[in-house]
Every structure is written in structure tokens, then in C-alpha cells.
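The structure appears below as C-alpha cells.
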Amino acid sequence: MRTLAVLAVAGIAVLGTPTIASAHVSAQPAEFTQGGRATFAFRVPNERDNAGTTKIEVTLPQDTPLTSVRTKPMAGWKAEAVKGKLDKPVTIAGKEVTEAFKTITWTAEPGVKIGVNEYQEFFVALGTLPEKDTLLLPTKQTYENGEVVDWSQAPGADGKEPEHPAPALKLAPKKAGDDGHGGHGTTPAANSSTDTHQASAAGSDKTARYLGGAGLAVGALGLGFGVGAILRSRRKA
């Protein structure tokens with residue numbers, strides 16, 4: 001009976017357990033519409049127990065360049081979006097584009113870092129999104145001891161996640177009547193605190209609901225077994 005009680009408590013406790021940040025740099029949320037804009041966060045967990053994270057550098061695609069990049073101000077961090085000429089002009093939304101953004105870098109100010117067992121979210125608004133299924137955003141994470149982790153690997157042909165996967169956006173084809181600005185966090189107002197926090201939570205809410213449902217089921221099962229055991233013991237008595 002004690003074992004069943006422990007199972008019940010453990011299952012119900014899952015409902016109150018917060019979602020843990022991913023074990024690698026990721027985009028949250030990660031699903032948007034082709035040809036539209038995306039407002040999301042680069043979620044960066046600190047994976048070292050002896051050093052904090054002090055710099056994040058994102059490399060933007062040049063074959064399908066982004067003409068609009070906005071960063072949300074964050075206390076203690078300096079954001080810089082670098083723009084440059086393309087090796088070859090491309091056409092986006094009917095216009096010839098000769099230069100585009102190449103990198104986004106966040107650098108911590110003195111005394112600031114993502115500490116041990118911590119994570120941080122860096123909000124951006126990007127556009128115009130290319131007409132392809134996936135947009136990879138390779139990211140380098142620099143620790144205060146000089147170590148650099150390169151999150152740049154694409155998924156394998158078998159669909160398995162590589163050791164250092166690049167943050168990625170899944171892009172769905174635009175539907176009839178869709179202006180490309182709907183969906184998860186696609187509003188370009190990167191300075192809106194409410195919108196961006198809602199966008200960052202959307203990706204984790206699904207996982208939390210799954211965990212909550214599983215916890216409730218385990219808790220109910222354990223509680224049922226416990227009550228049944230008590231009733232049987234009373235009948236014997």
C-alpha cells in the first residue's frame with residue numbers, strides 16, 4: 001500500500017513540475033508560414049557546471065536571405081545584427097535583393113552570463129521567410145572559459161537528431177487567404193513583451209500538457225489501487 005501511495009503522489013506531482021529547457025539551443029516556438037514573418041526566441045541552456053555562457057552568435061542563411069531582422073532589448077546583453085552584400089543577387093517577393101543580414105550576435109556585459117543550471121531566451125523577429133520546409137539557423141555558444149559549442153548540424157537522412165543540432169524553423173506552405181502574418185508568434189513587433197512571452201510558451205505548453213496527462217493517469221491508477229487494497233483489508237478484518 002505504501003508503494004501504491006508513492007506512485008499516486010509521484011504521478012500527481014508531475015502536474016506541478018515545470019517544463020525543463022531543452023538540452024540544446026533551440027527555437028521556441030518553431031512553426032511558421034512560408035513567405036511570412038516569425039517572432040520567436042532562441043532558447044539557450046547552459047550545459048556546463050564550471051562555466052557560464054557569455055556569447056551567442058547565429059548565422060543566417062545566404063541562399064535564402066532574410067531582409068528583416070529585429071532583436072528585443074535585454075538587460076545585460078548587447079545585440080548586433082550584421083548586414084552585408086550577397087555573393088549573388090536574389091529575388092524576394094518580386095524585388096531584387098543585393099544585401100541581407102548575415103549574423104545576429106548577443107554578447108554579455110561584464111558580470112553577466114547564463115549561469116550553471118540556467119537558461120536564457122533571446123527574442124527576434126525575422127522576415128521574409130523562404131518558401132522551403134525548414135530554415136536552419138546555426139548557432140555558436142561561447143562559454144566564459146573560451147569553449148565554443150557549434151550547434152550547426154542538420155538532421156540525418158533517417159530523421160534522427162544529431163549530437164549538435166542547429167536551431168530550426170518548420171515552415172508550412174501559405175494557405176489561401178493567409179497574409180503570412182498569422183500563426184504562432186508571427187507578429188513582427190519584437191518589442192512586445194506580452195506577445196513574445198506567449199510565443200516562447202507555446203512550444204513548451206504541449207509538452208507540459210502531455211506530462212500533466214500522464215501524471216494524472218498514473219496518480220489516478222495508484223489511488224484506485226490504494227483504495228481497493230484498503231477496502232479488501234477491512235473486509236478481511
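No hydrogens, no waters, no symmetry mates; every other heavy atom, side chains included, goes into these values.
- L60 CG to I104 CD1: the interatomic distance, rounded to the nearest 0.5 Å, is 4.5 Å.
- No more than 12 heavy atoms of other residues, nucleotides or ligands sit less than 6.0 Å from atom NZ of K78.
- To the nearest 0.5 Å, the span separating CG on L126 from OG1 on T39 amounts to 8.0 Å.
- Annotation for V148 and K140: closest pair CG1-CB, 4.2 Å, computed over non-hydrogen atoms.
- No chain of hydrophobic side-chain contacts below 4.5 Å, direct or via other Ile, Leu, Val, Met, Phe, Trp or Tyr residues, connects L129 to L136.
- Of all the heavy atoms in G127 and R37, the pair that sits closest is CA-CG, 4.1 Å.
- Between K113 and E144 there is a salt bridge, since a side-chain N of the basic residue sits under 4.0 Å from a carboxylate O of the acidic one.
- Looking only at side-chain heavy atoms (C-beta outward), F101 and T67 stay at 4.5 Å or farther from each other.
- Summarising the geometry of P65 relative to A100, their closest heavy-atom pair is CB-CB, 3.4 Å, with the distance given to 0.1 Å.
- Clustering ILVMFWY residues whenever any of their side-chain heavy atoms sit less than 4.5 angstrom apart, transitively, puts V44 in the very cluster that holds V149.
- For E131, the CD atom counts as loosely surrounded, since its 6.0 Å shell holds 12 or fewer non-hydrogen atoms of other residues, nucleotides or ligands.
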### Task
Apply the test side-chain contact (heavy atoms from CB on, under 4.5 Å) to residues T105 and K55: give CA-CA distance (whole Å), side-chain angles for both, the deciding distance (0.1 Å), then the verdict.
CA-CA 7 Å; T105 303; K55 183 178 178 181; 3.7 Å; yes

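- Side-chain contact between P61 and L137: present, with at least one pair of heavy atoms (C-beta onward) separated by less than 4.5 Å.
- If you check the side chains of Q141 and T53, you find a donor sitting under 3.5 Å from an acceptor.
- Between the side chain of N46 and the backbone N or O of A51, at least one donor-acceptor pair lies under 3.5 Å.
- For the pairing with H24, the side-chain contact (heavy atoms from CB on, under 4.5 Å) check across E161, E163, H164 returns one residue only, E161.
- Closest approach of P45 to Y143, counting heavy atoms only: O-OH, 4.4 Å.
- Counting only N and O atoms by type, the side chains of W77 and E109 include no donor and acceptor under 3.5 Å apart.
- W151 has its side chain out of reach of P138: every pair of non-hydrogen atoms, C-beta onward, lies at least 4.5 Å apart.
- Residues T98 and E96 have side chains that never bring a donor and an acceptor to within less than 3.5 angstrom of each other.
- Counting non-hydrogen atoms of neighbouring residues, nucleotides and ligands closer than 6.0 angstrom, the NZ atom of K170 reaches no more than 12 such neighbours.
- T64 places no side-chain N or O within donor-acceptor distance of the main-chain N or O of Q62, the cut-off being under 3.5 Å.
- Open room surrounds CG on D87; 12 or fewer heavy atoms of other groups in view lie less than 6.0 Å from it.
- With P130 as the partner, the side-chain contact (heavy atoms from CB on, under 4.5 Å) test is satisfied by one option alone out of L135, V90, L169, D63: L135.
- Distance OG1/T128 to NZ/K95: 9.5 Å, rounded to 0.5 Å.
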### Task
Would you sort out whether F40 and Q28 count as a side-chain contact (heavy atoms from CB on, under 4.5 Å), showing the intermediate values?
CA-CA 6 Å; F40 64 97; Q28 301 291 335; over 6 Å; no

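- Counting heavy atoms from C-beta outward, K88 and L86 have side chains that stay 4.5 Å or more apart.
- In this structure, F123 and T71 have side chains that are not in contact, with every pair of non-hydrogen atoms separated by 4.5 Å or more.
- To the nearest 0.5 Å, the span separating OG1 on T107 from CD on E57 amounts to 8.5 Å.
- Rounding to the nearest 0.5 Å gives a distance of 4.5 Å between CD of E99 and NZ of K83.
- For the residue pair Q153 and P162, the shortest heavy atom distance occurs at OE1-CB, 3.3 Å.
- Across every non-hydrogen atom of A168 and A27, the tightest pair is O-CB, 3.9 Å.
- M74 and I56 end up in the same hydrophobic cluster when Ile, Leu, Val, Met, Phe, Trp and Tyr side chains are linked at under 4.5 Å.
- Other residues, nucleotides and ligands contribute over 12 non-hydrogen atoms within 6.0 Å of the CG atom of N50.
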